[in-house]
Amino acid sequence: MKTKLVHKSVSSRMWSALKQPKWAISVMMLGLLGFSTLAQAQDTLDTGDTAWMIVASALVLFMTIPGLSLFYAGLVRSKNVLSVLMQCFTITALASILWCVVGYSLAFSTLESQTSEGLSLGAFVGGLDYAFLNHLTADSVSGTIPEAIFIMFQMTFFIITPALICGAFAERMKFSAILIFTSIWLLVVYAPICHMAWSGEGALFVRWGVLDFAGGTVVHINAGIAALVACMLVGKRKGYPDKPMPPHNLTMTVTGTGMLWVGWFGFNAGSELAADGTAGMAMLVTQLSAAAATLTWIAIEWMKHGKPSLLGAATGAVAGLVAITPASGTAGVPGAIMMGVISGIVCFLGATTLKKMAGWDDSLDAFGVHGIGGIVGAVLTGVFCAPSLGGAGFDGEHTMGSQVLAQSYSVIFTLLYSGILSFVILKVIDVTIGLRVSKEAEGQGLDLSEHEETGYLL
Amino acid sequence: MKTKLVHKSVSSRMWSALKQPKWAISVMMLGLLGFSTLAQAQDTLDTGDTAWMIVASALVLFMTIPGLSLFYAGLVRSKNVLSVLMQCFTITALASILWCVVGYSLAFSTLESQTSEGLSLGAFVGGLDYAFLNHLTADSVSGTIPEAIFIMFQMTFFIITPALICGAFAERMKFSAILIFTSIWLLVVYAPICHMAWSGEGALFVRWGVLDFAGGTVVHINAGIAALVACMLVGKRKGYPDKPMPPHNLTMTVTGTGMLWVGWFGFNAGSELAADGTAGMAMLVTQLSAAAATLTWIAIEWMKHGKPSLLGAATGAVAGLVAITPASGTAGVPGAIMMGVISGIVCFLGATTLKKMAGWDDSLDAFGVHGIGGIVGAVLTGVFCAPSLGGAGFDGEHTMGSQVLAQSYSVIFTLLYSGILSFVILKVIDVTIGLRVSKEAEGQGLDLSEHEETGYLL
Amino acid sequence: MKTKLVHKSVSSRMWSALKQPKWAISVMMLGLLGFSTLAQAQDTLDTGDTAWMIVASALVLFMTIPGLSLFYAGLVRSKNVLSVLMQCFTITALASILWCVVGYSLAFSTLESQTSEGLSLGAFVGGLDYAFLNHLTADSVSGTIPEAIFIMFQMTFFIITPALICGAFAERMKFSAILIFTSIWLLVVYAPICHMAWSGEGALFVRWGVLDFAGGTVVHINAGIAALVACMLVGKRKGYPDKPMPPHNLTMTVTGTGMLWVGWFGFNAGSELAADGTAGMAMLVTQLSAAAATLTWIAIEWMKHGKPSLLGAATGAVAGLVAITPASGTAGVPGAIMMGVISGIVCFLGATTLKKMAGWDDSLDAFGVHGIGGIVGAVLTGVFCAPSLGGAGFDGEHTMGSQVLAQSYSVIFTLLYSGILSFVILKVIDVTIGLRVSKEAEGQGLDLSEHEETGYLL
Amino acid sequence: MKKVEAIIKPFKLDDVKDALLEVGVEGMTITEVRGFGRQKGRVEIYRGAEFVPEFLTKTKLEVVVDDPLVEKVVEAISNAAKTEDVGAGKIFVSPVDDVLRIRTGEHGKDALH
Amino acid sequence: MKKVEAIIKPFKLDDVKDALLEVGVEGMTITEVRGFGRQKGRVEIYRGAEFVPEFLTKTKLEVVVDDPLVEKVVEAISNAAKTEDVGAGKIFVSPVDDVLRIRTGEHGKDALH
Amino acid sequence: MKKVEAIIKPFKLDDVKDALLEVGVEGMTITEVRGFGRQKGRVEIYRGAEFVPEFLTKTKLEVVVDDPLVEKVVEAISNAAKTEDVGAGKIFVSPVDDVLRIRTGEHGKDALH
Ligand SMILES: Nc1ncnc2c1ncn2[C@@H]1O[C@H](COP(=O)(O)OP(=O)(O)O)[C@@H](O)[C@H]1O
Ligand SMILES: Nc1ncnc2c1ncn2[C@@H]1O[C@H](COP(=O)(O)OP(=O)(O)O)[C@@H](O)[C@H]1O
Ligand SMILES: Nc1ncnc2c1ncn2[C@@H]1O[C@H](COP(=O)(O)OP(=O)(O)O)[C@@H](O)[C@H]1O
């Protein structure tokens, strides 16, 4: 088991491996040999790393409840405000349990298969040996932190990803259908993608040499494409796009944005799994990308519509945060600013022009921001890793071209895998219990029709 | 003094003592002997532990302001929203000062008395030697963290406990009476109970071998029973239960719930006073219990009323968090999930059926959730400590039966001690200045009548 | 470069130098000699310190978004709620970029000039050698933390300071003018003051022996006086003071206050740049000053108006937090409580009597609380540093008298420097693009007129 | 038919509603309004700045009734809403030409029961 | 001139507005009100405490029109607001003596177009 | 007695109130309403989706006055609420049969002063 834990910590720190090829290679060799003495020596708890990772986990949970919940809830009409909050909250609970039952095992167990040379099942998904976390004790250590914390940290990613999807089908999807979809999707889509990206050196994306420090593919593209598929299958909201559906409470949305921004340090700098210089750089580039994208978005609005808007600023910030996510372990200061600017522009187009042209009703722009921002970020990660652009540098085997290619593979793979499976899951739910509430219920608002509650009695 | 500090850190980590009986015994011996050389050697600051405990303290304060404040404030009618926020906020300030003046000393000073063999005053309450924190310098260390941080951390518990009580008498109690009650209660009820549970090996609950990792008795049962007594003495709100008094802003309540949930990691994992594997487990089981209770509560609603509600989800989460609190250092993954399910069921009954039957007006279910959840949690802690149920295992001297018995002693003792003294304090206030605002003031709302302010001018 | 980094960490910990004169002197000598071997030995990363400083940075950012934003936004009329949120949010983005472009360099670069004996340019402002952070890598270390984290931490101060100023001209200033003012002010006023206080032993305030642990001069007085100048130049709101302009949402304000309070631990205890005993004391005294000022403010209200108010409690808390800021590294428990009481009284007068007499329209009391509280705090820092008052003690060269004098110099210097330059910058903007929106726009509210958005559609 | 419009203190709504049901009223419409009258608001103080709200939160109750019921209705409201102090409220009676129940298309008196 | 006042279900507002524009109405005023009538609210349950809102959120629409238009307007509203269930709403018609357009000072009919 | 009902721009309320007090009005009732008329809302843009609010926030002011005062009141409102652009508002005058001051039981004119 120790050996496996080493793999895990190695993969999660693949970035540093890429910068220090010699060390990386030797560790890989150790992994292959299952050289457990040194492995044990390495798996010693560090209180500083542990302190940081406890907090990082708390921060990422904070991103979902209340962060993302508020961000989304402010954007819907007031008759649906509670339904959005309820979806995020219940998904939090549901995903927590699922993660411990079998999710963590499917994502991070690395039984025999990954040590073999050729592609095997283990490159795509984990086994069931960690089911119910039976192996876990207070003494289990993963890298330099307690394994319980590693499980918690990864759990918070497992929670936020399906919560992001909720933005696409807000204001019309059945609560029961959402819970069923989420449960299946997490195990069938999220866990494998997570495994392919982060479970260690035998995993698919790792073989390709993909850089995804904090979840560009695993979280954002994965959620974004599922969101797009979902909003197309669920259909447009009644009245869309003729009837305007302005946000009912932008103060709530911007509060949520602030929480997301702050929480994102847990997400990105936490993905280093340690309190060190790379975590520091990850924090700094996260801040800069968010800032640059915010300014970019409102600058575009200012030029195009004559006025900068708060919703624009908030959306821009999220776009920048999404884009830097996969690059947060490798990009430097100039790269971060550039990625912020580019994601600001591209997501603006995604959430406005493209959406209008395509005609889909991605209510809160889950695809427009997370999907598109995720793709932009994943690809650019390969570019801004270049030392000439201030990045941490490529692995010995990669050039910018080959890295961008590797990144693109992972993007396309994730789009296809998540897109197709999301489609299948949703279709099955649609023909069985149905995805959508009745027209009357939609008119009345989901708060009353699905939860028999009212948001505000001021 | 060093010796005393050792006691403190020992008691706070009683769980580990229970798992490693030999070490525990030897430390106890050292304590008895006042063997200060080793004590000094042990009391060395660890930056990682310190980092975590600074943050844990901040998180627990965050639970009260704004967490609990918002949770409660959303549940009242809009004419009373500010009064609830004001109560929590002022209690925060008041308790902070009281803690430093004498509260900390009463709770954690362990003068001569605790080293003696038989029960003495020192088993129940501390001395006055730490009054005004005169002994404290930047170099004072408690365990592996600065004593200033230990004081801060425990202060945040001193703050949240009386704030919890406010839920019971919301919308009708005089602000002045609340402040007086809080001041006396903190010193006469909280400090002694805290001392009995956490001040070290001579203390009452510690003698009994009670497991209360993070405050099942000290915080939740203690506050819960005081809340029940208070709401009965203050009397029902005008119109209750005939007139419906639905929450005025559930978005506020669920925001507060998210903050409570996240802050609870500081509460539970922070109670380890270190960034280690037990803190990690505490975090994980906290998450799982909250999640399980959330799902349980809405499942019951779904079956009983046909619809799951956001208020149900939020209440369930808090119930699960309360229940796991005393067990967070000893329960394992399956225990946490079971405790979540059980507390979800029992608190549901407590906040609905029992309350209706009993006819008391515990406005925001301070007793129904914290009192009942606390009792359930305290007792079950003795059960789910069992290694066969994934727990950390019993102390050499205990079996499941005897542990449950020990837990029950502490529950009953706390119920009686806090219940009776709360009654006396409130009665005295009632006959002197009165507990309740005038009928007119209640009709108009406490915001205007007590604070001359209005919540919303949208 | 290493040498410079040593200077930085020394200056940031000047307090401890002051307590341990011998060590301080020897480090200074090392600095002067550029004795790099030891410097390198000292600049070793500590994971615990790093963990704490990552979180501290996140906490200070959290103070601005959403903390301060909500605090301020709740205080304006509902037609301007978004404009305030937008200002804080955009300033966050803008300042982040500016900091990396040149702000950090101007504040913390310590080229040749500071090593010389006499006053030179380097005593007032940094060079351009850190522009664009070209020197930064993941391995750069500052003291015991990654330099990236030091940059982040200081960036959050760079962000919140101009955001504080927004309180003075709320509800009437042009968004474009605010952005221009902020950009210039940050580079021309903030960066130099920050340099003078914190860049190391050759800097102006350091030469004077000024104690400013966490930003009494740099942040609060600096922002406060700029705010006063701004509100006078922008002019009163239409209708002020005849027409009442009560806060539109005090629940929002008190939520923001809770966030500010909790975030302030990052601000003050974070200024220690390490997780140690002084950080612990800083946290504790911060809590006590805030608590004492809260109680003081509502006690005054209770006596004067017959009722304590929530807005009073919130304002008192902020006053106490402001006052303790410069003293948080040196004051003891009694000092903190006294500073809370005094700042509560003086800021109450500042935000009520003085403001009324002076007739200026400092809408949200940016000067009344931050300016006045900052001045009180800066001066009293010199008093409550005294060991007889529980403080950390004076540097060998200082007595209470001389320390208070040194503090006063820095106060007066900051008032003059910031006041005059703020005036000039604003005047220039006024005569070019104008500071103020049209009368019509003001009547309609800035949300619609400046951002074409509406806060609430409940 | 008449419309009886009453401006009352919000916390009296429950009593007034009950009184109306007793005299046979079957429907009514409530609006939250702000009233200006002799009653002056209580001084609220925000950071030392006094603020006397000129407009107070009031509840407007509208009930359309058949002529014979008007007097009873006015009396019922009046009794239930009475308080000793200024600001108890006002009742206005005005003519209504016709009433229609949308669901059934009934007109006049029939539409009210 | 008459004032036509309709109490309708909020989600019908859009349809009603469109219907009114079709018959030539050029202005109207909307108020959010709470209605009491035969329609009873759906049971909401808060922590087990049942709560049947007696007052339901309704939309009041007021439109002042010239006499000849009254019938058409009533019909238009009635058709657009109809739902099968109780609570579809009510329409009240009452006399108006005069109308003034503030901007121009026009009176009567002219002020309406 | 008449009821004078004015739909005005919210930010004009203060001026209108002052004007009314000057002509001797002692009470009035204010409702926040949404108006539909010639004035169209300003385009608000949310993530590129344009949104022209059809209904604008308006303030409805109701004041019941004795017949002789009606003209003065209409004029006062009209003057104070005037703005140059569309949407300045409308005033409706309609008959009121009776007024009752709840506190005292006074009827008619007396109830107004
Ligand atoms: N002339 C009026 N026209 C319309 N509403 C009025 C008028 N006079 C009073 N009101 C309404 O009646 C409420 C109560 O009136 P007020 O003068 O305060 O009390 P009272 O009738 O007891 O003297 C006011 O707040 C206002 O809403
Ligand atoms: N007599 C009345 N006076 C004023 N408003 C009424 C009256 N009766 C009904 N209303 C309003 O009309 C709404 C619909 O009435 P209701 O009795 O529920 O439905 P229906 O007219 O379909 O029987 C009510 O909610 C109330 O706002
Ligand atoms: N026929 C009407 N019935 C009821 N209210 C109306 C009517 N016409 C206009 N209003 C109200 O008057 C307001 C101003 O009308 P509008 O047509 O915009 O301006 P103007 O009167 O200056 O031409 C509208 O927003 C609406 O609330």
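Chain letters run A, B, ... following the sequence lines, proteins first and then strands; every chain starts at 1.
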**Q** Please flag which part of B/N249 lies under 4.5 Å from any non-hydrogen atom of chain A: side chain, backbone, both or neither.
**A**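 Interface part for B/N249: both.
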**Q** Side chain, backbone, both or neither: which part of A/F132 has a heavy atom under 4.5 Å from chain B?
**A**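 Contact with chain B is through the backbone of A/F132 alone.
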**Q** Is the closest side-chain heavy-atom distance between A/V141 and A/T44 below 4.5 Å?
**A**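 A side-chain contact is absent here, since even the closest heavy-atom pair is not under 4.5 Å.
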**Q** Could you look at A/S57 and say if it's the side chain, the backbone, both or neither that has a heavy atom under 4.5 Å from chain B?
**A**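 Its backbone and side chain both get close to chain B.
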**Q** Count the heavy-atom pairs under 4.5 Å between each of B/T294, B/V285, B/V81 and chain A, then report the option with the highest count.
**A**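 Looking at each option in turn, the highest pair count goes to B/T294.
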**Q** Heavy-atom pairs under 4.5 Å with chain B are the metric here; pick the option from A/T50, A/L136, A/I54 that has the most.
**A**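 If we count pairs closer than 4.5 Å to chain B, A/I54 comes out on top.
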**Q** Measure across A/S142 and A/F150 and return the closest heavy-atom pair with its distance rounded to 0.1 Å.
**A**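 Closest heavy-atom pair between A/S142 and A/F150: OG-CG, 3.9 Å.
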**Q** For the interface with chain B, which of A/W99, A/F89, A/Y456 has the highest count of heavy-atom pairs at distances below 4.5 Å?
**A**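 Looking at each option in turn, the highest pair count goes to A/F89.
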**Q** Measure the shortest side-chain to side-chain distance between B/E301 and B/F348 over non-hydrogen atoms and say whether it is less than 4.5 angstrom.
**A**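 Yes. Closest side-chain heavy atoms under 4.5 Å.
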**Q** Does any N or O in the side chain of A/H248 come within less than 3.5 Å of the main-chain N or O of A/V76, such that one atom is a donor and the other an acceptor?
**A**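 Checking the backbone N and O of A/V76 against the side chain of A/H248, a donor-acceptor pair under 3.5 Å is found.
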**Q** Check B/A279 against B/A269 and note the closest heavy-atom contact, atom names and distance.
**A**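 Residues B/A279 and B/A269, closest heavy atoms: O-CB, 3.4 Å.
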**Q** Work out which heavy atom in A/F157 is nearest to a heavy atom in A/S271; give both atom names and the distance.
**A**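 The answer is CZ-OG, 3.8 Å.
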**Q** Measuring only between side-chain heavy atoms, which start at C-beta, is A/L68 closer than 4.5 Å to A/M63?
**A**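 Counting from C-beta outward, A/L68 and A/M63 never come under 4.5 Å.
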**Q** Out of A/S449, A/C88, A/A95, return the one with the most heavy atom pairs under 4.5 angstrom to chain B.
**A**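 When all of A/S449, A/C88, A/A95 are compared, A/S449 has the most.
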**Q** Minimum heavy-atom separation for B/A292 and B/G340, please, with both atom names.
**A**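 Where B/A292 meets B/G340 most closely, the heavy atoms are CB-CA, 4.0 Å.
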**Q** State, yes or no, whether a side-chain contact exists between B/L75 and B/V84 at a heavy-atom distance under 4.5 Å.
**A**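 No - every pair of side-chain heavy atoms lies 4.5 Å or more apart.
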**Q** Given a strict heavy-atom distance threshold of 4.5 Å, which part of B/L288 is in contact with chain A: side chain, backbone, both, or neither?
**A**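 For B/L288, heavy atoms of backbone and side chain both lie under 4.5 Å from chain A.
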**Q** Tell me if a side-chain donor or acceptor on A/S105 pairs with a main-chain N or O of A/V102 at a distance below 3.5 Å.
**A**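 Such a contact is absent between A/S105 side chain and A/V102 backbone.
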**Q** Answer yes if the side chains of B/W264 and B/Q287 hold a donor-acceptor pair under 3.5 Å, and no otherwise.
**A**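 No pair is found: no donor N or O on one side chain lies under 3.5 Å from an acceptor on the other.
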**Q** Within residues 173-186 of chain A, which residues come under 4.5 Å of chain B, heavy atom to heavy atom?
**A**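 At a heavy-atom separation under 4.5 Å, chain B is reached by A/F175, A/S176, A/L179.
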**Q** Quick one: does A/E272's side chain get under 4.5 Å of A/W52's, heavy atoms only?
**A**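 A side-chain contact under 4.5 Å is absent here.
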**Q** For A/I159, which atoms come within 4.5 Å of any heavy atom of chain B: side chain, backbone, both, or neither?
**A**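 Contact with chain B involves the side chain of A/I159 alone.
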**Q** Only pairs of heavy atoms separated by less than 4.5 Å count here; which of A/G256, A/S83, A/S69, A/S96 has the most with chain B?
**A**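 It is A/S96.
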**Q** With rounding to the nearest 0.5 Å, note down the distance linking CZ in B/R77 to CG in A/L458.
**A**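 Interatomic distance, B/R77 CZ to A/L458 CG, rounded to 0.5 Å: 14.5 Å.
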**Q** Which heavy atom of B/F153 sits nearest to which heavy atom of B/F267, and what is that distance?
**A**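 In terms of heavy atoms, the two residues are closest at CZ-O, 4.0 Å.
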**Q** So which heavy atom on A/D447 is nearest to which on A/S78, and how close?
**A**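 Looks like OD2-O, 3.5 Å.
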**Q** Is chain B contacted by the side chain of A/M53, its backbone, both, or neither, given a heavy-atom distance below 4.5 Å?
**A**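 Interface part for A/M53: neither.
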**Q** Can you tell me which of B/G332, B/A51, B/A313 forms the most heavy-atom pairs within a distance under 4.5 Å of chain A?
**A**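 Most heavy-atom pairs under 4.5 Å with chain A: B/A313.
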**Q** Checking B/L284 against chain A: side chain, backbone, both or neither under 4.5 Å from a heavy atom?
**A**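 For B/L284, the contact with chain A is made by backbone and side chain together.
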**Q** Which bit of B/A290 comes within less than 4.5 Å of chain A, counting heavy atoms only: side chain, backbone, both or neither?
**A**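 Neither; nothing under 4.5 Å.
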**Q** For a 4.5 angstrom cut-off between non-hydrogen side-chain atoms, does A/L273 reach A/D49?
**A**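 Sidechains of A/D49 and A/L273: no contact.
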**Q** Among side-chain atoms of A/Y104 and A/E147, is any donor-acceptor pair under 3.5 angstrom?
**A**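 Indeed, the side chains of A/Y104 and A/E147 share at least one donor-acceptor pair under 3.5 Å.
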**Q** Considering only NZ, NE, NH1 and NH2 on the basic side and carboxylate oxygens on the acidic side, decide whether A/E453 and B/K307 come within less than 4.0 Å.
**A**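 No, no charged N to carboxylate O under 4.0 Å.
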**Q** I need the residue from B/T251, B/V55, B/T47 with the largest number of non-hydrogen atom pairs under 4.5 Å to chain A.
**A**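 Greatest number of close heavy-atom pairs with chain A: B/T251.
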**Q** Using a heavy-atom distance cut-off of less than 4.5 Å, which residues of residues 314-322 of chain B contact chain A?
**A**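 When heavy atoms of chain A are the reference, residues 314-322 of chain B contributes B/A314, B/A317 within the under-4.5 Å range.
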**Q** By a 4.5 Å heavy-atom criterion (distance strictly below it), what part of B/P247 contacts chain A: side chain, backbone, both, or neither?
**A**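 Contact with chain A is through the backbone of B/P247 alone.
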**Q** Between A/A58 and chain B, with a heavy-atom cut-off of 4.5 Å, which part of the residue counts as in contact: side chain, backbone, both or neither?
**A**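 Both backbone and side chain.
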**Q** What part of B/L311 lies closer than 4.5 angstrom to a heavy atom of chain A: side chain, backbone, both or neither?
**A**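 Both backbone and side chain.
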